[in-house]
Participant: 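Before I ask anything, let me first share the structure, which is written out below as structure tokens.
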Amino acid sequence: MKTTLITGASGGIGEAIAKRLAEKKENLTLVARNETKLKLLSQELSQKYNVNVDFIAADLFDPQAPEAIYQECRHRELEVSSLINNAGMGSGGEFAGADLKNLENMLQLNNGALVSLTHLFMQDMLKQKAGTIVNMGSLISFAPVPYMALYGASKAFVRFLSQALYEECKPYGVHVMFFAPGLTSTNFMEAAALKNETGDALIAGAPTQTADQVAEEFINAYYERKRAAVSGRMNRFAVKLLTLVPNSVIAASSARTFKKRTNQKG
Ligand SMILES: NC(=O)c1ccc[n+]([C@@H]2O[C@H](COP(=O)([O-])OP(=O)(O)OC[C@H]3O[C@@H](n4cnc5c(N)ncnc54)[C@H](OP(=O)(O)O)[C@@H]3O)[C@@H](O)[C@H]2O)c1
């Protein structure tokens with residue numbers, strides 16, 4: 001049975017996308033750690049929209065998880081015709097002061113798991129000469145941002161990888177899309193421990209969307225088979241501005257703003 005696999009589907013943007021895709025009659029396979037939430041959401045969506053919704057509880061901090069998910073899909077005879085690599089987390093504050101294990105986990109989730117899942121499921125899509133892979137980026141992928149340095153770099157990795165794979169996969173009929181939300185009100189800030197002075201300094205004044213607004217823009221870009229899309233009019237405008245200014249200037253200015261807001265010297 002054909003299915004769309006969504007990572008990070010137990011909440012936030014992933015859950016909102018799952019709801020929109022179920023409404024469009026797509027069969028789904030939902031992945032995240034919280035089995036209870038996945039079970040409830042699967043039941044809700046399959047009953048409401050009369051689609052097949054599977055779920056696989058997995059911790060993507062574990063480098064073995066992508067292979068286990070791939071094998072589980074084969075075992076259940078689920079053909080992943082669309083893969084949405086949405087699961088991700090952030091981190092903020094001084095890089096040197098962050099817990100190294102947290103940073104490593106973030107890289108494994110935002111990049112390692114995304115690379116492994118993409119590599120595994122892409123093989124079958126290339127053979128079928130059909131399929132879609134979407135990688136969730138962020139507005140932050142468009143410029144270096146001090147005090148969110150590694151999170152930003154992890155999303156720049158996703159952007160470059162997606163844009164390159166788009167070209168590699170195009171001759172096989174497999175579509176790769178990069179999708180970048182801006183600030184979105186989800187559990188993201190709490191998960192990244194950014195609900196504090198540091199978080200406020202990093203994001204103050206940024207336009208915020210709801211997960212549902214982001215999902216609506218996602219669905220439009222997804223069905224239009226865009227190669228890349230940014231969610232939110234203000235965010236698209238910001239990206240245009242960012243391309244006009246050298247990265248070094250943006251980085252220096254972001255660092256100054258952050259220090260001013262947190263009353264740091266330097
Ligand atoms: N919110 C924003 O402001 C914002 C802005 C730009 C980009 N984004 C990107 O959008 C994507 C979704 O973010 P969100 O705002 O929806 O965040 P969220 O509300 O924190 O949701 C994150 C999702 O990822 C799952 N997840 C987290 N750690 C996991 C792990 N170790 N293994 C498996 N699943 C895991 C969570 O489920 P479990 O806890 O059940 O595992 C949850 O379903 C991320 O890639 C994020 O970087 C978000």
Side-chain angles (χ1 to χ4, degrees), residues 5-20 28-42 55-66 68-69 83-92 101-114 116-117 134-143 145 148 150-159 161-162 178-195 199-200 202-204 206-215 217-218 228-232 234-236 238-239:
L5 189 147
I6 310 172
T7 66
S10 65
I13 296 170
E15 180 182 0
I17 289 172
K19 287 181 175 165
R20 296 271 175 165
L28 302 175
T29 302
L30 312 177
V31 175
R33 289 168 301 183
N34 190 322
E35 191 164 359
T36 311
K37 278 196 194 166
L38 290 178
K39 194 173 181 182
L40 283 173
L41 184 61
S42 304
F55 67 88
I56 301 172
D59 185 350
L60 292 171
F61 289 162
D62 176 1
Q64 312 301 324
I69 292 167
L83 167 67
I84 301 175
N85 284 308
N86 161 73
M89 64 178 277
S91 82
K101 191 67 205 160
N102 271 351
L103 296 180
E104 288 169 350
N105 278 340
M106 182 178 71
L107 284 185
Q108 183 55 33
L109 179 65
N110 294 5
N111 301 142
L114 178 147
S116 303
L117 289 169
V134 185
N135 293 326
M136 195 60 73
S138 167
L139 192 59
I140 203 173
S141 68
F142 290 90
V145 179
M148 283 189 103
L150 193 66
Y151 175 61
S154 78
K155 291 298 182 180
F157 173 100
V158 173
R159 183 161 73 92
L161 179 74
S162 308
F178 172 76
F179 186 81
L183 192 62
T184 311
S185 44
T186 63
N187 190 46
F188 180 82
M189 297 301 281
E190 281 88 352
L194 285 173
K195 279 268 176 192
D200 291 344
L202 287 165
I203 58 154
T208 306
Q209 290 192 296
T210 63
D212 206 44
Q213 286 170 327
V214 172
E217 298 210 26
F218 175 94
V230 175
S231 185
M234 291 301 286
N235 294 329
R236 285 190 285 278
V239 168

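Side chains are part of it too, since the values below use all heavy atoms of this structure and drop only hydrogens, waters and symmetry mates. Counting starts at 1 for both ligands and their atoms, following the listed order.
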Participant: Short N/O distance, under 3.5 Å, between Ala191 and ligand 1?
Facilitator: no

Participant: Considering only heavy atoms of Leu183, which atoms of ligand 1 have at least one such atom less than 4.0 Å away?
Facilitator: 3 (O)

Participant: So how far is it from Leu83 CG to Leu114 CG, rounded to the nearest 0.5 Å?
Facilitator: 7.5 Å

Participant: Can you pull out the closest protein heavy atom to atom 5 (C) of ligand 1? Residue, atom name and distance to 0.1 Å, please.
Facilitator: Gly182 O, 3.0 Å

Participant: Looking at atom 47 (O) of ligand 1, what's its closest protein heavy atom, distance included?
Facilitator: Tyr151 OH, 2.7 Å

Participant: Between the side chain of Ser42 and the main-chain N/O of Leu38, is any donor-acceptor distance below 3.5 Å?
Facilitator: yes

Participant: Around atom 3 (O) of ligand 1, find the nearest protein heavy atom and jot down its residue, atom name and distance.
Facilitator: Thr184 N, 2.8 Å

Participant: Looking only at protein heavy atoms, which one is nearest to atom 16 (O) of ligand 1, and how far off is it?
Facilitator: Ile13 N, 2.8 Å

Participant: Do Glu15 and Ser10 have a side chain donor and acceptor closer than 3.5 Å?
Facilitator: no

Participant: Looking only at N/O atoms, are Arg33 and ligand 1 under 3.5 Å apart anywhere?
Facilitator: yes

Participant: Is a side-chain donor or acceptor of Lys155 paired with a backbone partner of Met136 at a separation under 3.5 angstrom?
Facilitator: yes

Participant: So Leu60 and Ile69, side-chain contact (heavy atoms from CB on, under 4.5 Å) or not? Walk me through it.
Facilitator: CA-CA 10 Å; Leu60 292 171; Ile69 292 167; 3.7 Å; yes

Participant: Checking a contact table here: which protein heavy atom is nearest atom 31 (N) of ligand 1, and how many Å away?
Facilitator: Asp59 OD1, 2.9 Å

Participant: Look at Lys19 together with Asp212 and state whether they make a salt bridge at an N to O cut-off of under 4.0 Å.
Facilitator: no

Participant: Can you list the ligand 1 atoms lying under 4.0 Å from a non-hydrogen atom of Asn34?
Facilitator: 40 (O)

Participant: Show the atoms of ligand 1 that are less than 4.0 angstrom away from any heavy atom in Phe61.
Facilitator: 31 (N)

Participant: Measuring from atom 19 (O) of ligand 1, which candidate in Asn187, Asn135, Val31 has the nearest non-hydrogen atom?
Facilitator: Asn187

Participant: Under 6.0 Å from the six-membered ring centre of Phe142 and within 45° of its axis: does the NZ or CZ of Arg159 meet both?
Facilitator: yes

Participant: Walk me through it: do Glu217 and Arg236 pass the test salt bridge (Lys or Arg N to Asp or Glu O under 4.0 Å)?
Facilitator: CA-CA 12 Å; Glu217 298 210 26; Arg236 285 190 285 278; 2.9 Å; yes

Participant: Which residue and atom name correspond to the protein heavy atom nearest atom 22 (C) of ligand 1, and how close is it?
Facilitator: Gly88 O, 4.1 Å

Participant: Take atom CD of Glu104 as the centre, draw a 6.0 Å sphere, and report whether it contains more than 12 heavy atoms from other residues, nucleotides or ligands.
Facilitator: yes

Participant: Determine whether Phe218 and Pro181 make a side-chain contact, defined as any pair of heavy atoms from C-beta on separated by less than 4.5 Å.
Facilitator: no

Participant: Does ligand 1 have a heavy atom under 4.0 Å from the side chain of Asn86, from its backbone, from both, or from neither?
Facilitator: both

Participant: Atom 43 (O) of ligand 1: which protein heavy atom is closest, and how many Å away?
Facilitator: Ser10 OG, 2.8 Å

Participant: So, Asn105 side chain and Phe61 main chain: donor-acceptor pair closer than 3.5 Å or not?
Facilitator: no

Participant: Considering only heavy atoms of Gly137, which atoms of ligand 1 have at least one such atom less than 4.0 Å away?
Facilitator: 7 (C), 9 (C)

Participant: Is Ala58 close enough to touch ligand 1? Criterion: a residue heavy atom under 4.0 Å from a ligand atom.
Facilitator: yes

Participant: Using distance alone, decide if ligand 1 has a nitrogen or oxygen within less than 3.5 Å of any nitrogen or oxygen in Met89.
Facilitator: no

Participant: Hey, which atoms in ligand 1 end up nearer than 4.0 Å to a heavy atom of Gly11?
Facilitator: 43 (O)

Participant: Is there at least one pair of N or O atoms, one from Gly14 and one from ligand 1, spaced under 3.5 Å apart?
Facilitator: no

Participant: Can you tell me which portion of Ala211 lies within the under-4.0 Å heavy-atom range of ligand 1? Options are side chain, backbone, both, or neither.
Facilitator: neither

Participant: Classify the contact between Lys155 and ligand 1 as side chain, backbone, both or neither, using a heavy-atom distance cut-off of under 4.0 Å.
Facilitator: side chain

Participant: For Ala9, counting its heavy atoms only, list the atoms of ligand 1 lying under 4.0 Å from any of them.
Facilitator: 43 (O)

Participant: Between Ile13 and Thr184, is a side-chain contact (heavy atoms from CB on, under 4.5 Å) present by the stated rule, with each step listed?
Facilitator: CA-CA 8 Å; Ile13 296 170; Thr184 311; 4.0 Å; yes

Participant: Taking Ile140's backbone N and O only, do any of them form a donor-acceptor pair with Ser138's side chain (distance below 3.5 Å, no angle check)?
Facilitator: yes

Participant: Show the atoms of ligand 1 that are less than 4.0 angstrom away from any heavy atom in Leu60.
Facilitator: 30 (C), 31 (N), 32 (N), 33 (C)

Participant: Any donor-acceptor pair under 3.5 Å linking the side chain of Asn110 with the backbone of Met89?
Facilitator: yes

Participant: Does the side chain of Thr7 pick up a donor-acceptor pair with the side chain of Asn85 at under 3.5 Å?
Facilitator: no

Participant: Give the atoms of ligand 1, by number and element, whose distance to some non-hydrogen atom of Thr186 is under 4.0 Å.
Facilitator: 1 (N), 14 (P), 15 (O), 16 (O), 17 (O), 19 (O)

Participant: Nearest protein heavy atom to atom 25 (C) of ligand 1, by residue and atom, and its distance?
Facilitator: Gly8 CA, 3.6 Å

Participant: Report yes or no: does Ala180 have a heavy atom closer than 4.0 Å to ligand 1?
Facilitator: no

